[in-house]
Amino acid sequence: MPSSYFTSIEEREKIFCTELVKYGVEYEKAVIAAKIIASGQGDEHLSPSEIKIVKDACKKWSEQNQRLKRLKAVVNQI
């Protein structure tokens, strides 16, 4: 079911930035990556350095997110 809520680009930037920082991405990188992700631009509109920043930030987020899930699973087994 589609959401009836509107989220501005600025709000999405804040959400993405918060999540990235929460999972260990450096603040400066998180701000840049969040701005790019929230813009919704395709890779063809980004420079190689912008693509690298987003990939690095998302990789870090993913690794830490998976780590947290594994830790929660271990805790739940205790």
Side-chain angles (χ1 to χ4, degrees):
M1 182 167 122
S3 174
S4 61
Y5 296 105
F6 173 76
T7 307
S8 71
I9 291 175
E10 292 80 14
E11 290 170 328
R12 285 184 283 181
E13 283 179 27
K14 288 178 187 177
I15 293 167
F16 289 132
C17 186
T18 300
E19 280 297 305
L20 291 170
V21 170
K22 178 176 155 184
Y23 285 91
V25 177
E26 293 175 26
Y27 180 76
E28 291 79 18
K29 266 190 183 177
V31 169
I32 295 167
K35 185 177 288 280
I36 294 167
I37 296 167
S39 75
Q41 293 181 4
D43 286 356
E44 63 276 2
H45 299 289
L46 302 173
S47 70
S49 63
E50 290 173 323
I51 293 170
K52 182 174 178 7
I53 288 171
V54 172
K55 283 184 178 181
D56 290 348
C58 290
K59 181 179 178 198
K60 176 77 171 183
W61 179 90
S62 179
E63 289 169 352
Q64 295 302 323
N65 186 40
Q66 291 300 316
R67 181 178 162 269
L68 183 61
K69 285 181 182 179
R70 287 191 303 272
L71 287 172
K72 285 181 180 178
V74 169
V75 169
N76 289 334
Q77 291 177 353
I78 297 176

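The model shown is predicted, which means the values in this text are computed figures rather than measured ones. Numbers here are sequence positions counted from 1.
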Review point. Would Val31 end up clustered with Val54 when hydrophobic side chains under 4.5 Å apart are linked, directly or stepwise?
Key: no
Check your understanding: Do Leu68 and Ile15 share a hydrophobic cluster (ILVMFWY, side-chain heavy atoms under 4.5 Å, transitive)?
Key -> no
With heavy-atom distances below 4.5 Å as the criterion, would you say the side chains of [X] and [Y] are in contact?
{"X": "Asp56", "Y": "Lys29", "result": "yes"}
{"X": "Tyr23", "Y": "Lys60", "result": "no"}
{"X": "Gln41", "Y": "Leu46", "result": "yes"}
{"X": "Val25", "Y": "Cys17", "result": "no"}

Review point. Do you know the tightest heavy-atom contact between Ala33 and Leu20?
Key: CB-CD1, 3.9 Å
Distance (rounded to the nearest 0.5 Å) between [X] [atom1] and [Y] [atom2]:
{"X": "Ile53", "Y": "Glu26", "atom1": "CD1", "atom2": "CD", "answer": "10.5 Å"}
{"X": "Ile32", "Y": "Ile37", "atom1": "CD1", "atom2": "CD1", "answer": "11.5 Å"}
{"X": "Arg12", "Y": "Thr7", "atom1": "CZ", "atom2": "OG1", "answer": "6.5 Å"}
{"X": "Glu13", "Y": "Ile36", "atom1": "CD", "atom2": "CD1", "answer": "10.0 Å"}
{"X": "Lys35", "Y": "Ile9", "atom1": "NZ", "atom2": "CD1", "answer": "9.5 Å"}
{"X": "Gln64", "Y": "Lys69", "atom1": "CD", "atom2": "NZ", "answer": "13.0 Å"}

Strictly distance-based, threshold 3.5 Å: is any side-chain N or O of [X] a donor or acceptor partner for the main-chain N or O of [Y]?
{"X": "Gln77", "Y": "Val74", "answer": "no"}
{"X": "Asn65", "Y": "Trp61", "answer": "no"}
{"X": "Ser62", "Y": "Cys58", "answer": "no"}

